[in-house]
Amino acid sequence: FSWPVLPSTVQTTDFEVELNTGEIVIPDAVSIFPNCDFNERNTVVLVSPKLGNRLRPDEYGAIFSVNVRIVADGSPLMLVGSNGPETAVGLSYKSKQHPYLVGPSIIGAKLSHMNAEGDDGPSSFSINQNDGLSIYGSRAQYRLRLLTNWGISPDGLFYMHPDQFSDFFLVRAKLDNGGIINITQTNQI
């Protein structure tokens with residue numbers, strides 16, 4: 001979601017998942033975890049063995065999601081908008097390609113001056129301090145926040161690290177003189 005999810009409104013009945021078979025599935029469980037930092041609330045994790053199998057889409061018997069819809073259930077999923085809570089009912093995400101074939105893709109990004117505001121969750125969650133200031137101290141000048149679909153890393157298992165910037169990213173920057181440059185490695189500018 002482009003706005004954070006209001007965690008207290010997340011319920012299984014908020015979601016309908018359409019499979020490639022045409023079947024409509026309601027997840028068995030939903031959660032905002034592991035996205036428990038205050039600024040990581042754009043994702044809801046849907047859990048159910050009925051949501052698909054591990055076969056590639058070109059293999060016989062493959063089952064996978066093709067569309068996820070937010071539906072009216074009497075207690076709507078709410079997002080925290082700029083003017084307060086907004087209903088998510090009616091939103092949907094239709095898969096363009098199977099994640100096994102293309103991997104995750106960036107659906108939003110924001111470059112800002114480094115600050116750690118929102119990079120922790122509720123104190124009772126015992127969240128590791130993993131923001132740029134905690135890890136890099138005063139050397140951290142900027143923060144690039146990414147919102148992806150289908151996971152956070154190319155293989156879905158391991159995190160990307162800052163020293164892998166040139167492996168995965170290109171940032172197009174506009175200079176003061178109006179020129180455009182491509183930043184393809186750390187410390188380029």
Side-chain angles (χ1 to χ4, degrees), residues 1-10 14 27 29-47 68 70 77-86 88 91 93 95-97 99-189:
F1 298 99
S2 56
W3 284 341
V5 172
L6 185 60
S8 62
T9 66
V10 176
D14 293 322
V30 292
S31 178
I32 62 162
F33 291 103
N35 309 302
C36 47
D37 285 4
F38 288 122
N39 62 6
E40 293 180 351
R41 299 269 172 96
N42 297 65
T43 302
V44 176
V45 177
L46 310 181
V47 180
V68 178
I70 310 303
L77 176 67
M78 301 297 285
L79 305 177
V80 181
S82 54
N83 294 317
E86 299 276 349
L91 296 177
Y93 181 81
S95 299
K96 294 174 181 61
Q97 292 188 345
Y100 281 8
L101 301 180
V102 297
S105 59
I106 296 173
I107 55 177
K110 180 181 180 183
L111 179 66
S112 61
H113 289 280
M114 184 63 225
N115 71 65
E117 187 175 341
D119 267 332
D120 293 321
S123 58
S124 60
F125 286 11
S126 301
I127 297 170
N128 292 333
Q129 298 233 330
N130 63 356
D131 63 83
L133 293 174
S134 296
I135 297 170
Y136 300 104
S138 62
R139 294 180 299 151
Q141 297 177 8
Y142 299 96
R143 173 173 66 181
L144 180 61
R145 302 281 304 173
L146 303 174
L147 183 60
T148 64
N149 65 351
W150 304 115
I152 187 62
S153 65
D155 64 7
L157 298 173
F158 298 101
Y159 293 107
M160 289 182 282
H161 298 276
D163 62 354
Q164 294 177 300
F165 180 88
S166 60
D167 295 336
F168 300 107
F169 299 105
L170 175 141
V171 173
R172 185 162 285 198
K174 186 175 183 180
L175 303 174
D176 290 339
N177 66 9
I180 303 288
I181 63 166
N182 292 330
I183 302 171
T184 59
Q185 56 188 322
T186 58
N187 299 317
Q188 186 174 333
I189 295 181

Inset, instruction - Report the C-alpha separation of Q141 and M114 in whole Å, then their side-chain angles, then the decisive distance to 0.1 Å, and conclude whether the side-chain contact (heavy atoms from CB on, under 4.5 Å) test is met. - result: CA-CA 5 Å; Q141 297 177 8; M114 184 63 225; 5.5 Å; no

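- Closest heavy-atom contact between N115 and R143: O-NH1, 3.1 Å.
- Taking CZ from R172 and CD1 from I183, the interatomic distance works out to 11.0 Å, rounded to the nearest 0.5 Å.
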Legend entry - side-chain contact (heavy atoms from CB on, under 4.5 Å) assessment of L91 paired with L77: CA-CA 10 Å; L91 296 177; L77 176 67; over 6 Å; no

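- Surrounding CG of D176 are at most 12 heavy atoms belonging to other residues, nucleotides or ligands under 6.0 Å away.
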Legend entry - From CA spacing to verdict: side-chain contact (heavy atoms from CB on, under 4.5 Å), V5, L79: CA-CA 4 Å; V5 172; L79 305 177; 3.9 Å; yes

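- Nearest heavy atoms, T184 versus S166: O-CB, 3.0 Å.
- None of V45, D14, V44 except one satisfies the side chain to side chain contact (heavy atoms under 4.5 Å, CB included) rule with V30; the exception is V44.
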